[in-house]
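Reading through the structure tokens given below for one structure.
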Amino acid sequence: QLQLVESGGGLVQPGGSLRLSCVASGPDFNHYSIGWFRQVPGKEREGISCIGPSGSSMGRFSITRDNAVKTVYLEMNSVTPEDTAVYYCAADKFRVCITILDITTQDAMAHWGDGTLVTVSS
């Protein structure tokens, strides 16, 4: 069973940058695709970026992984107030990134973290 913990959220000014971390515990981390999602109250969960087991990635923000420390990073640059949301990471062994980014419901990925709040405001 994989457990995920997000960190790095907080208040950032428009145009600024933020790095989010997703730390995993449990076996076979390097076999999982990891996606970052965000959700605003009243709206569907939205896929942001994803990285596969081989390190191939896609999405609007840069995503990297360090399998040695079981961590995936999301580098958010040039943020705007529209990027304000709770950001979640999620893991799945059997999905590929091109489908992961279309996911809008929690039951579509095997493991989720509890989220970290990002607020973009001056």
Side-chain angles (χ1 to χ4, degrees):
Q1 186 79 357
L2 205 66
Q3 294 183 324
L4 305 171
V5 178
E6 303 94 337
S7 64
L11 177 64
V12 58
Q13 291 190 340
S17 299
L18 204 63
R19 187 175 80 161
L20 305 184
S21 299
C22 172
V23 179
S25 59
D28 299 334
F29 172 76
N30 57 328
H31 293 170
Y32 284 83
S33 293
I34 308 292
W36 278 98
F37 298 79
R38 68 186 183 190
Q39 191 165 21
V40 175
K43 293 190 176 181
E44 286 187 328
R45 197 160 292 195
E46 175 188 17
I48 299 300
S49 296
C50 178
I51 189 164
S54 67
S56 61
S57 63
M58 58 192 310
R60 76 177 68 188
F61 291 125
S62 175
I63 183 172
T64 57
R65 69 189 297 160
D66 186 342
N67 290 336
V69 292
K70 297 185 179 181
T71 302
V72 170
Y73 304 98
L74 184 72
E75 300 282 351
M76 302 174 62
N77 298 312
S78 303
V79 296
T80 71
E82 288 68 39
D83 293 317
T84 295
V86 178
Y87 284 73
Y88 302 88
C89 63
D92 200 289
K93 270 188 184 180
F94 304 108
R95 290 187 178 273
V96 295
C97 281
I98 196 168
T99 63
I100 286 174
L101 291 183
D102 288 336
I103 287 171
T104 59
T105 58
Q106 193 164 353
D107 59 0
M109 293 284 283
H111 308 286
W112 290 85
D114 290 333
T116 185
L117 176 63
V118 172
T119 302
V120 182
S121 175
S122 55

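Judged as a salt bridge (charged side-chain N to carboxylate O under 4.0 Å, His left out), the pairs with a partner in residues 54-69 (not counting sequence neighbours) are, in order, E46-R60.
With sequence neighbours excluded, no residue forms a side chain to side chain donor-acceptor pair (under 3.5 Å) with E44. For Y88, the ring-ring contact (aromatic ring centres under 6.0 Å, His included) criterion is met by no residue, not counting sequence neighbours. Every residue meeting the side chain to side chain donor-acceptor pair (under 3.5 Å) condition with D83, not counting sequence neighbours, appears here in chain and number order: R38. Partners of T80 by side chain to side chain donor-acceptor pair (under 3.5 Å), not counting sequence neighbours, listed by chain and number: E82.
Between M76 and Y87 the shortest side-chain heavy-atom distance falls below 4.5 Å. Residues I63 and V72 meet the side-chain proximity criterion, which asks for heavy atoms closer than 4.5 Å.
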Side chains of residues 9-36: which donor-acceptor pairs under 3.5 Å do they make with residues two or more places apart or in other chains?
| from | atom 1 | to | atom 2 | distance (Å) |
| --- | --- | --- | --- | --- |
| S17 | OG | N77 | OD1 | 3.0 |
| D28 | OD2 | K93 | NZ | 3.1 |
| S33 | OG | R95 | O | 3.1 |

Side chains of residues 49-56: which donor-acceptor pairs under 3.5 Å do they make with residues two or more places apart or in other chains?
| from | atom 1 | to | atom 2 | distance (Å) |
| --- | --- | --- | --- | --- |
| S49 | OG | F61 | N | 3.1 |
| S49 | OG | F61 | O | 2.6 |
| S54 | OG | S56 | OG | 3.4 |

Taking distance alone, no hydrogens or angles, what donor-acceptor pairs closer than 3.5 Å link side-chain atoms of residues 96-105 to residues at least two apart or in another chain?
| from | atom 1 | to | atom 2 | distance (Å) |
| --- | --- | --- | --- | --- |
| T99 | OG1 | V96 | O | 2.8 |
| T105 | OG1 | D107 | OD1 | 2.8 |

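The OG1 atom of T64 sits 8.5 Å away from the CG atom of L74 when rounded to the nearest 0.5 Å.
Atom CG of D114 is surrounded by 12 or fewer heavy atoms from other residues, nucleotides or ligands within 6.0 Å.
Grouping the Ile, Leu, Val, Met, Phe, Trp and Tyr side chains by contacts below 4.5 angstrom, directly or via other members, places W112 apart from L2. Under a hydrophobic clustering in which Ile, Leu, Val, Met, Phe, Trp and Tyr are joined whenever their side-chain heavy atoms come within less than 4.5 Å, directly or via other members, V118 and V79 fall into the same cluster.
Scanning all heavy atoms of the two residues, the minimum distance from L117 to V86 falls at CD1-CG2, 4.0 Å.
If you chain together ILVMFWY residues whose side-chain heavy atoms come under 4.5 Å of each other, V69 ends up grouped with Y73.
S62 places no side-chain N or O within 3.5 Å of a backbone atom of E75 that could act as its donor or acceptor partner.
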